[in-house]
Amino acid sequence: MKEIALFLGQGLFILLVSPLVNGVIKKTKARMQNRVGPPLWQPYLDIIKFLRREAVTSVNTSWLTSITPYICLSAYLVAGGIIPLAGKQILALGDIIAFIYLFALARFFLALASLESGGSFGGMGSSREMMIATLVEPVLALGLFGLVALAGTTDLAGIRGAGSNPAGILALIGLMVVIIAETGRVPVDNPDTHLELTMVHEGMLLEYSGRQLGWLHLAAVIKETVLLILLIHLFFPANPSWPLILILISLIVKIMVLGVVLALIESVNAKMRLFRLPELMAGGAAICLLSILINSLNGL
Amino acid sequence: MNNASEVIGTVSLFLFAAGALLPYLFYRKRQLSLLIGCLAAASGSLMVMYLGFRGLLAPEPIYIRFGNILPGICLELLIDRLSGFFLLTISVIALLTSLYSIQYMSLYSRENLAWWSFCYNSFLLAMVLVVTVNNFLLFLIFWELMTLASYFLVTYSYKRKLVRKAGFVYLIMTHIGTVFIASAFFLMLGVGGGWDFAALASNSTGLLPVVKNLVFICALIGFGTKAGVVPLHIWLPQAHPAAPTNVSALMSGVMLKTAIYGMIRMIIDILGVGPAWWGGLLILLGAISAVSGVIYALMQEDLKRLLAFCSVENIGIILMGLGASLVFYSWSLPVPAAIALAAGLFHVLNHAIFKSLLFLCTGSIYYATHTKKIEQLGGLIKRMPFTAVLFLTGAISISAIPPFNGFASEYQTYLSLLTISYQQTSVLWSLGAILACVTLALTGALAAACFVKAFGISFLALPRSEKAEKAEEVPWSMTLSIAPLAILCLVLGIRPAPLINTLTKVSAQLIDGPEVPPLQVFNSNLALVLGLLILIFIGVTRLFGGYRERKTETWGCGIEHNVKMAYTAESYSQPIRRVYQPLLRPKRKVRTEFSERSYFNYRVYFKEHLGSNLREYLYKPIRKGIINISQKWQVIQSGNINWYLGYIFLTLILLLIFVTKG
């Protein structure tokens, strides 16, 4: 019973904090561009606004389009919920492999739904998203399984802090590259534009509107936060013996710091051409591989 | 109790025989002959299913003895857990495919349906016998029967040239494979030993390591050809699209698996413990097959060719599980070895289920639209809602997305590969295992892209041709015979634990290890929480704050929206084709024509051809080499009779020298 409460609490926490993380990133970017920027709580207002609007959908769509936002939202929330922030594994819901594949579940449905309206932009976004996924997933697997091999378990509680070693810095850099690609940020994708040449994630959401778009925006910010929480869990975990409230506060602070770092990276880089992406991911893979090599040579 | 199995086994074999022969009595009444053939096959499969269950669950093997069918060779079926498992896999797919065929084969109502029934039933009979016979000579005979029956099924529409060509390649490749399988058996044949598997196994303990390695390589090439392991898979993407779709479902879903059975029987059961590089080689081949299979699948625009390439991918994943098992076996770690083998077997069953599901759905699409080209489909989700749900289930499962069965077995494969890296034997092994996992992740992502394309382009948006426009849902007898497969996909994905724990018993029986403790799996909890959350969000959306939804035309940037604006299959895979260019090596030709004002180009011709690189760089040189050598040999065939007499004389002298020396 306590476990279920913990799981629900953690899900609710992620649900509530994620828009704020997005707000911090936006604010930092604005400050870097010498703008005042929207207030920190702007993402909450945006999402609430969308949730109150009427949904307009294409006549070509079917039940797939209507169910996709719920699937995305649930998949990301469960992925966030299985990271044991407070001590041991919460329920037996899954491990790091399930974590990766929950993201695949959401991506699969979103890519399908964006094809449904029969417009060009949806297809473009969908096709690019799947292409990027084929580059991102192997590197993500390389980075994560390197740490898994070190810890000797795929259990998320078991790999807490698996990257807190010198070689872990390399894995952290590699995984940051992955997270930038996965969350669709510059230099991979630009979350702020609706230009056909650049958009990937926004292209997939283009035919959504109203409440369903609100859910998808919420899902996107949750995805971002969950990935950051995973990084923190792997590299900068809090001491699980601390009281819960302290763990949460330190977690929020760490997420915000990482969010600022992401925003800084985004601000000082230019958007990359889509087909230069393999080079970036190859770089990420090389760094992860180096970290694994150092660790395994160390172990012998 | 054994008696019941004996009776049922005999009856099932007779049913298949009846299904093969009886339709010829009603040769002129095509519908009736088809019905008899299909029903006999279905009821035979039902009996085999019982045998499969008995074999899978029985701690002791079941023997069914029929007596001598060749001088000195007794037809004896041995159903241990492994055979039971494969019988079960074969029978489930065969049962549903047979029921499906009753309606589907009406597409071929002008053809010779009695001949189809004959081949189909012989094919099923041969597969059942291949996985149960206890004698290597009979194994080879039934293996050959299976190949021939499937050859005639592949070339059923023999009037098309492409089909004849595909059949020819299939026949050649599988016979090369059979040569290697036979060599593997003959290498193990001891002096004075019997022909049955137990005798071979006891002989194999005394074999020299060199001979053992040779046997392993032969078995790998032989069974690998049939299974479609890269680079021996070239027959597969040709043969599967050529066959009628219900036959492709059986060939891809089940026949490839008999090769996996052969590999397991030969390598683990008969050869026993080998060096660790055997497993390493299998993992390597599996990784190569998985990635190259799926990447070629992604480039196809014929649904059946796409699925055929995907079979190569899944065989690769199965091999990875098998390979991991061999590695642990050689490191004397029986428990991980049993778990890894169980992971491979689990994927065997899962692949059989979702692949035949997808093939049968493709059959339904073909039935409704008379095309299997993705580019001509579209909008089918509205016109064929049930088929759409079934195809989607298969697509999700094959892309290894939770909570469906493909994920459950790939998950176990991941764990087994990672367990190799936990052992910390050497940097090479642990790094290799991690890289194998990375390939598996890459395969998963590519498979997802492949099936988003396959499902998205053919079922969603607007119809791209008149054929798709006029499509209607197929008769219920077809949908109903596919539906159980979709349900199995979900059930095995949500509750894999009972099956996995049974499968570890199968592998423990082969490996002679201790009892494997029941594995902890989280799939059911995950599925439950996911399902609940989705329901909660749907409820929240619909109930609170006045949900409003309006339907309207898709925005076409100012002009009326039409189907040409939608993405096509070709354009969908273009980014991936471009990124993975170094692997695929497409041949491009771009030619620009200018008008009189030479600044503006007038017409651009673009041609891209994606051929098989293997054919170009591996098979062509081999073929040329063989032809070259044969031409060199022609020198001794001068046509002059004096020369030939000379050869005979020379041979005689050499033989005489040989005899006197000995």
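Labels below follow one simple rule: chain letters A, B, ... track the order of the sequence lines, proteins then strands, and each chain is numbered from 1.
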Quiz item: Under 3.5 Å, is there a donor-acceptor pair between the side chain of Ser120(A) and the main chain of Met565(B)?
Solution: yes

Quiz item: What residue in Leu442(B), Val452(B), Ile381(B) has the most heavy-atom pairs under 4.5 Å with chain A?
Solution: Val452(B)

Self-check item: Winner by heavy-atom pair count (cut-off under 4.5 Å) against chain A, out of Cys450(B), Ala449(B), Ala388(B), Ser571(B)
Solution: Ala449(B)

Quiz item: How long is the gap from CE on Met131(A) to CG on Leu446(B), to the nearest 0.5 Å?
Solution: 11.5 Å

Quiz prompt | Segment of Leu51(A) engaging chain B (4.5 angstrom heavy-atom cut-off) | solution = neither

Exercise. Pick one of side chain, backbone, both or neither for Leu135(A), based on which atoms fall under 4.5 Å of a heavy atom in chain B.
Key: both

Exercise. Measure distances from Ala98(A) to the heavy atoms of chain B and classify the residue's part below 4.5 Å as side chain, backbone, both or neither.
Key: both

Self-check item: Under 4.5 Å from a heavy atom of chain B, the part of Arg211(A) involved
Solution: side chain

Quiz item: Is the charged tip of Arg578(B) near the ring of Phe275(A): under 6.0 Å from the six-membered ring centre and within 45° of its axis?
Solution: yes

Quiz prompt | Partner chain A: residue of Ala527(B), Ala400(B), Gly556(B) with the largest heavy-atom pair count (under 4.5 Å) | solution = Ala400(B)

Self-check item: Proximal component of Ser114(A), with respect to chain B [non-hydrogen, under 4.5 Å]
Solution: neither

Quiz item: Under 3.5 Å, is there a donor-acceptor pair linking the side chains of Tyr567(B) and Ser126(A)?
Solution: no

Quiz item: Between Gln520(B) and chain A, which part of the residue has a heavy atom less than 4.5 Å away: side chain, backbone, both or neither?
Solution: neither

Quiz prompt | Option that, when pairs with chain A are counted at under 4.5 Å, heavy atom only, ranks first among Leu462(B), Leu431(B), Ile538(B), Thr568(B) | solution = Ile538(B)

Exercise. Check whether any side-chain N or O of Lys382(B) sits under 3.5 Å from a backbone N or O of Asn60(A) as a donor-acceptor pair, and report yes or no.
Key: yes

Quiz item: Which bit of Ile292(A) comes within less than 4.5 Å of chain B, counting heavy atoms only: side chain, backbone, both or neither?
Solution: side chain

Quiz prompt | Contacting moiety of Arg107(A), where chain B heavy atoms sit under 4.5 Å | solution = neither

Exercise. Compute the ring centroids of Tyr414(B) and Phe145(A), then answer whether they are less than 6.0 Å apart.
Key: yes

Quiz prompt | Polar side chain donor-acceptor pair, Tyr580(B) to Thr134(A), under 3.5 angstrom | solution = yes

Quiz prompt | Residue Leu532(B) versus chain A: region with a heavy atom under 4.5 Å | solution = neither

Self-check item: Short side-chain donor-acceptor distance under 3.5 Å, Gln574(B) and Ser127(A)
Solution: no

Practice problem: Answer with side chain, backbone, both or neither: which region of Val540(B) has an atom nearer than 4.5 Å to a non-hydrogen atom of chain A? | Solution: both

Practice problem: Flag the one option from Val563(B), Leu392(B), Ile457(B), Asn523(B) with the top tally of heavy-atom pairs under 4.5 Å to chain A. | Solution: Leu392(B)

Quiz item: Between Ala441(B), Pro575(B), Ser421(B), Gly456(B), which has the largest tally of heavy atom pairs under 4.5 Å with chain A?
Solution: Pro575(B)

Quiz item: At a heavy-atom separation under 4.5 Å, does Gln212(A) approach chain B through its side chain, its backbone, both, or neither?
Solution: side chain

Quiz prompt | Between CH2 on residue Trp555(B) and CD on residue Glu207(A), distance to nearest 0.5 Å | solution = 11.0 Å

Quiz item: Is it the backbone or the side chain of Glu137(A) that comes under 4.5 Å from a heavy atom of chain B, or both, or neither?
Solution: both

Quiz item: Of the backbone (N, CA, C, O) and the side chain (C-beta and beyond), which part of Thr65(A) lies under 4.5 Å from a heavy atom of chain B, both, or neither?
Solution: neither

Quiz item: Any idea how Trp215(A) and Phe537(B) line up, ring-wise: parallel (<30°), tilted (30 to 60°), or perpendicular (>60°)?
Solution: perpendicular

